[in-house]
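Following: one structure in structure tokens, then a few remarks.
The structure presented is a predicted model; accordingly, all values stated were derived computationally and were not measured. Residue numbers start at 1 and run along the sequence shown.
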Amino acid sequence: MSVFMIIQSKIKNAEKYNQYIDQVSPIVEKYGGYYHVRGEKIQSFGRWQPERVIVIEFQSEDQIQDWLKSPEYAAVAPLREEGADAQAILVEGYQKD
């Protein structure tokens, strides 16, 4: 069953964050991730007011852990930390019986 990583981020240094975005995409794809959402055009219902939302699908949580623990990701993670405040959750995909 697919697992989705849902991330909300608030940019604090656009230059660093853009460098991160350019470098992280091929790493995500190498570890089996597929971007569904990456954007700032958000219509909010209720109190949640994210600045930017990213949704990445992986086939398993193991793929996500492999990506996050990879040397390639470790090399670019400081750009994300300097470029944005981010929060993430993992959620299993829905499988209709």
Side-chain angles (χ1 to χ4, degrees):
M1 180 181 302
S2 292
V3 178
F4 294 83
M5 178 175 261
I6 303 170
I7 306 153
Q8 80 169 18
S9 65
K10 182 176 174 113
I11 298 170
K12 57 186 182 182
N13 180 321
E15 180 180 343
K16 296 282 185 184
Y17 193 66
N18 287 332
Q19 289 174 15
Y20 170 76
I21 290 170
D22 290 343
Q23 295 178 44
V24 77
S25 296
I27 302 168
V28 167
E29 292 168 6
K30 176 181 178 181
Y31 286 88
Y34 174 80
Y35 285 93
H36 285 277
V37 174
R38 253 182 135 166
E40 294 94 14
K41 290 186 177 182
I42 300 167
Q43 182 178 2
S44 182
F45 298 94
R47 292 184 224 180
W48 188 26
Q49 301 287 323
E51 183 177 293
R52 180 173 175 79
V53 173
I54 302 99
V55 177
I56 310 170
E57 179 180 7
F58 289 86
Q59 293 305 305
S60 70
E61 189 173 339
D62 287 342
Q63 282 183 324
I64 294 171
Q65 295 302 328
D66 290 346
W67 162 55
L68 292 174
K69 294 175 183 176
S70 73
E72 300 97 330
Y73 186 71
V76 300
L79 292 170
R80 179 191 48 78
E81 293 164 2
E82 294 174 35
D85 290 322
Q87 297 178 352
I89 60 170
L90 298 182
V91 63
E92 288 185 353
Y94 176 74
Q95 184 173 348
K96 188 174 178 178
D97 294 330

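Note that CZ of Phe58 and CE of Met5 are 6.5 Å apart. Values are rounded to the nearest 0.5 Å. Note that the CD atom of Gln23 and the CG atom of Asn18 stand 11.0 Å from one another [nearest 0.5 Å].
Residues passing the ring pair (Phe, Tyr, Trp, His ring centres under 6.0 Å) test with Tyr20: none are found, sequence neighbours excluded. With sequence neighbours left out, Glu61 forms a side chain to side chain donor-acceptor pair (under 3.5 Å) with no residue at all. Not counting sequence neighbours, the partners of Lys30 by the side chain to side chain donor-acceptor pair (under 3.5 Å) test are Glu72. Tyr35 pairs by the ring pair (Phe, Tyr, Trp, His ring centres under 6.0 Å) definition with nothing, not counting sequence neighbours.
Criterion: ILVMFWY side-chain heavy atoms under 4.5 Å apart, direct or through other members. Under it, Val24 and Tyr34 are not part of a common hydrophobic cluster. Note on Leu68: it clusters hydrophobically with Val3, by side-chain heavy-atom contacts below 4.5 Å among ILVMFWY residues.
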Item to check | Steps toward side-chain contact (heavy atoms from CB on, under 4.5 Å) verdict (Phe4, Leu90) | outcome: CA-CA 6 Å; Phe4 294 83; Leu90 298 182; over 6 Å; no
Checklist entry - For Ile64 and Tyr31, what are the C-alpha separation, side-chain angles and deciding distance, and is it a side-chain contact (heavy atoms from CB on, under 4.5 Å)? => result CA-CA 7 Å; Ile64 294 171; Tyr31 286 88; over 6 Å; no
Next on the checklist: Is there a side-chain contact (heavy atoms from CB on, under 4.5 Å) between Ser60 and Met1? Walk through the geometry before answering.
Outcome noted: CA-CA 7 Å; Ser60 70; Met1 180 181 302; over 6 Å; no
Next on the checklist: Does Ile7 form a side-chain contact (heavy atoms from CB on, under 4.5 Å) with Ile56? I'd like the steps, not just the answer.
Outcome noted: CA-CA 8 Å; Ile7 306 153; Ile56 310 170; 4.1 Å; yes
Can you list, pair by pair, the side-chain donor-acceptor contacts under 3.5 Å of residues 80-89, counting residues two or more places apart and other chains?
from, atom 1, to, atom 2, distance (Å)
Arg80, NE, Tyr73, OH, 3.1
Glu82, OE1, Lys16, NZ, 3.4
Asp85, OD1, Lys12, NZ, 3.3

What donor-acceptor contacts under 3.5 angstrom involve side-chain atoms of residues 39-55, with partners at least two apart or in another chain?
from, atom 1, to, atom 2, distance (Å)
Glu40, OE2, Arg52, NH1, 2.2
Ser44, OG, Trp48, O, 2.1
Ser44, OG, Gln49, NE2, 3.2
Trp48, NE1, Gln8, OE1, 2.3
Gln49, NE2, Gly46, O, 3.4
Glu51, OE2, Ile11, N, 2.9
Arg52, NE, Tyr17, OH, 3.2

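The stretch residues 76-97 participates, sequence neighbours left out, in no ring-ring contact (aromatic ring centres under 6.0 Å, His included) pair at all.
Gln63 approaches Gly32 most closely through the heavy-atom pair NE2-CA, 3.8 Å.
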